[in-house]
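Below, chain A is the first sequence line, B the second, and so on; all start at residue 1. The model shown is predicted, which means the values in this text are computed figures rather than measured ones.
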Amino acid sequence: MADTLTSERPDPAAFDLENAKTHDPHATNTGLTHNKLGMWLFLGSEALLFGGLISTFLLYKSKLVEITNPNDAAVLTRVTDLGVNIYDIPFTSVSSFVLLMSSLTMVLALAAIQRDDVARSRLWILTTAVLGSTFVAGQVYEFTVFAREGMKWDTNIFSSAFYTLTGFHGVHVTIGILLLLSLVVASLKGGLRKKHSETVELVGLYWHFVDVVWILIFVVVYLIPVAQADASAESGLARTGAITTISQIGD
Amino acid sequence: MAIIEQEPLALPVGDRPTGSSPIGVLTRPRTTTGWRSWVSTVDHKRIGIMYGIGSIFFFLVGGFEALLIRAQLATPDGTLLSADVYNQVYTMHGVTMVFLVIMPMAAAFANYLLPLQIGARDVAFPRLNALSFWIWLFGSIFFNTAWILGGGADGGWFNYAPNSGVIFSPGHGIDFYAVGLQIVGIASLVSAMNLIVTVLNMRAPGMGLMRMPVFTWMILVVQFLLLFAVPVITVALFLLMFDRLFGANFFNVSEGADPLLWQHLFWIFGHPEVYILILPAFGIVSEVIPTFSRKPIYGYPFMVFSGIVIGFMGWGVWAHHMFASGIGPLSVMAFSLSTMFIAVPTGVKILNWMATMWGGKIEFNTAMLFAVGLVAMFTIGGLSGVTHALGPADTQQTDTYYIVAHFHYVLFGGALLGFFSGFFFWWPKVFGHFLSERLGKWQFWASLIGFNLTFGPMHILGLQGMSRRIYTYGDDQGFSLWNLVATIGAFIIAISVLIFLANVVISYRGRHDQPAPGPDPWDARSLEWMVPSPTPEHNFDVVPVVTQNDEYWFRKYQIDEHENVTRIASSEEAAQAGDGTGVHLPSPSYWPLLVALALPIIGYAVIYNLWLAVPGALLLVASMYGWAFEPVDDPDGGHGAGGHDDHGGDDRSDSHAEIKTEETPVG
């Protein structure tokens, strides 16, 4: 295995002619360019970054806190109730859909640049950026509403974990938008041609990664807590609460 | 990340002459001497040297902090430091030695040697390499400015929650810890990505993965560990920063938060970190011991695979740092077992080094002494480590000086002795003259004796029940004798470090009085000895074609069917002349320095005043765009629009001629 990795140069026929001519002296051991391999490694590292934040959220998702209800009785509630009561699942589903569609337009942008259709690729890149911006705008709107409804950054451990995880993702989307807009500017100046398709591909890798992470976040942060709240509303919160408390002591 | 290393997007297709920057700020610098050439360098060798200088500087800082600790503890009821300052000093000592000394010292060796050992002209992303160094340097300085801005971090190097909260540590010390280590972490991430791509993509023709020197292998494993471990502590530091500076609740126990979250995140990073610290030194002695035993490394595949296995298993043992935190009997049992298992691949390495020395013609010069010192001292530290793999024993030992003794045996007795071995071994390659052997042996014996006097007694103190991180002790507790011995030992270590510094100066001054080392002073085995000393800027005149492990040795020696070794070429004949011309090298750049400079500005903004983040962010964004659009300005370009100026290997096709004339039989 080791030797096949090293001594074989990639088949020049696999590249287009221009690429093969310019890149052959720099052929790499793996056949992947430095940039692409580097991007994959970076994304691997990012996966652990989001993994840490998602784990944090999962840990705090099912914690119980004692709050005083209007009758002055202390009751145990899930920390997620704070968010579940004000989540707007249809709204967030739509903005999630918008983000997922931006992956489609990203693929179309890459396909266009690979067949040297510069104008079409510029259009698709711009569309991707607009869709991404729509998602971020939705997130900003949502944060504003949540904060107004009383779920602030420091209200409880759930709200801290919620804003950190989703906000961290939002920053990633924003960075992606900046990268896309840089590509648009480069394209307008005539500097984004077929031979640069790898640049588009790399931005695309990052963009798809951020999208995939959102699917996970949407499920873990929005859907599962809502489903749990529904389930315990059917069976009675107090009972579930008591069981969870005991299992936490058992830990 | 990788995007910004891409060829300039704004340039039109074709070979437009690019004498000036499109932004009109900075042209690519051309000087090769003077300080400008150093701050703009992208040469992996110069970056390695700068990492070395920086890490030795912080070694002195951390060592001074250690001496303060030992002076305070020399006698009962010490009064040199207050309890508060003592907390800061041991915390800063620990963080400094781990993040600002051992990691960058390993980076120094990795940067300098890795491209040479795989037969490459430079790393895959030379500007990112410079960026790593500058980020590390500025992050380290930023972290240490806490001393003059109200005091350092004071919660131990692991800063357990909730003790790290604002209530218990109201100063800014832990803020500098949280932000500073995030900055330093970026440096580690960038360099991990860079070096992995370098090793996977840029090996010389014929150098399969299983023909790489063990040092390169260990560095590769370490970079993978960094790539996946650093983001985890980044998350932890991020949460800590939000808790302390922005009122989040991640470690606020009164809000129902779980302080074990910090411990888990920290040690999921922290245990791979242990191998990040030690594996480079293992790699170094795996080069030194075969060279001075005149034998190939014993069981090369076992050395490589045990390193890889350590890399994997290192992820499955973190909770052995938490046996006393109430994680439950099942977890304790599982992590006890995995911890005992990870001793196996480590033991394989120890045995292989001894088997390499067995029957060899051992030459005990300074480099070899330090290497053998590592094998012996690390074995002690490894064995004491296995004793606290056992949950019940660990419950007794945890938070005592026994633990302190253990990790100093593996980090000083392991990592640092290995690095000193590497200094003596590669000094002639890097600087073109030897370090003094006489002073080197003085240094070795002083550090070995001082080290054992310092940390040996700590085993006893720990088992007697002396706690870590307590700023003083009473006369009636029975700790006085061994503490005094430990303090005497610490000052002997300080003397050994002074001998080393003196050696650096004296051997530099006397460099013209001693014979030039030539390309291969030690009759060594790997490719870096094929180039003249000091290494020419372009590394290899022609990229060598590799036919086997220990390629360079086999260009000097032949083994017949009766296992008789005959010399077939002198070192000079087998080496390259260093007169390569027309080699295409990466151009220097100021942008890495500027990008890195923006980060501590943002760091101060986060701690003191968010408005400061505006200039920081502007500098960051502007220099990243400056970087991305920096023209390919190369004196002997001619690679057209597709020409990356960022990596070598242009004349690989020429080097195929070499294989016909220099091919040697495999032994």
Peer 1: Hey, is the main chain of B:Leu200 close enough, under 3.5 Å, to the side chain of B:Arg203 for a donor-acceptor pair?
Peer 2: yes

Peer 1: Name all residues meeting the ring-ring contact (aromatic ring centres under 6.0 Å, His included) criterion together with A:Trp40; count only those two or more places apart in sequence or in a different chain, and write none if there are none.
Peer 2: none

Peer 1: Strictly by modelled atom types, are B:Tyr625 and A:Ser182 linked by a side-chain donor-acceptor pair under 3.5 Å?
Peer 2: yes

Peer 1: Could you please state which residues from residues 157-170 of chain A sit under 4.5 angstrom from chain B, measuring non-hydrogen atom to non-hydrogen atom, sorted by number, or 'none'?
Peer 2: A:Ile157, A:Ser160, A:Ala161, A:Thr164, A:Phe168

Peer 1: Answer with yes or no after comparing the ring centroid distance for A:His172 and A:Phe50 against a 6.0 Å cut-off, counting only values under it.
Peer 2: yes

Peer 1: Are the aromatic rings of B:Phe242 and A:Trp153 close, with centres under 6.0 Å apart?
Peer 2: yes

Peer 1: Under 4.5 Å heavy-atom distance to chain A, tell me which part of B:Leu330 shows up: side chain, backbone, both or neither.
Peer 2: neither

Peer 1: Taking all non-hydrogen atoms of both residues, which atom of B:Val545 and which atom of B:Glu551 are closest, and how far apart?
Peer 2: O-OE2, 3.4 Å

Peer 1: Where the side chain of A:His208 meets the backbone of A:Leu205, is there a donor-acceptor pair that is under 3.5 Å apart?
Peer 2: no

Peer 1: What part of A:Leu59 lies closer than 4.5 angstrom to a heavy atom of chain B: side chain, backbone, both or neither?
Peer 2: side chain

Peer 1: Kindly say whether A:Asp81 contributes a backbone atom to a donor-acceptor pair with the side chain of A:Asn85 at under 3.5 angstrom?
Peer 2: yes

Peer 1: Using atom types as modelled and distance alone, determine if a side-chain donor or acceptor of A:Thr155 lies under 3.5 Å from a backbone N or O of A:Met151.
Peer 2: no

Peer 1: Please classify the contact of B:Phe224 with chain A as side chain, backbone, both or neither, using a heavy-atom distance under 4.5 Å.
Peer 2: side chain

Peer 1: What residue pairs, at least two apart or across chains, pass salt bridge (Lys or Arg N to Asp or Glu O under 4.0 Å) with a residue in residues 231-249 of chain B?
Peer 2: B:Asp175-B:Arg244

Peer 1: What part of B:Leu265 is in contact with chain A, defined as an atom under 4.5 angstrom from a non-hydrogen atom: side chain, backbone, both or neither?
Peer 2: side chain

Peer 1: Is there a side-chain contact between B:Leu189 and B:Pro231, using heavy atoms and a 4.5 Å cut-off?
Peer 2: yes

Peer 1: Could you name the residues of residues 248-255 of chain B that have a heavy atom within less than 4.5 Å of a heavy atom in chain A?
Peer 2: B:Ala248, B:Asn249, B:Phe250, B:Glu255

Peer 1: Specify which of B:Ala257, B:Ser331, B:Gly256 makes the most heavy-atom pairs with chain A at under 4.5 Å.
Peer 2: B:Ala257

Peer 1: Does B:Gln263 use its side chain to pair, donor to acceptor, with the backbone of B:Pro259 at less than 3.5 Å?
Peer 2: no

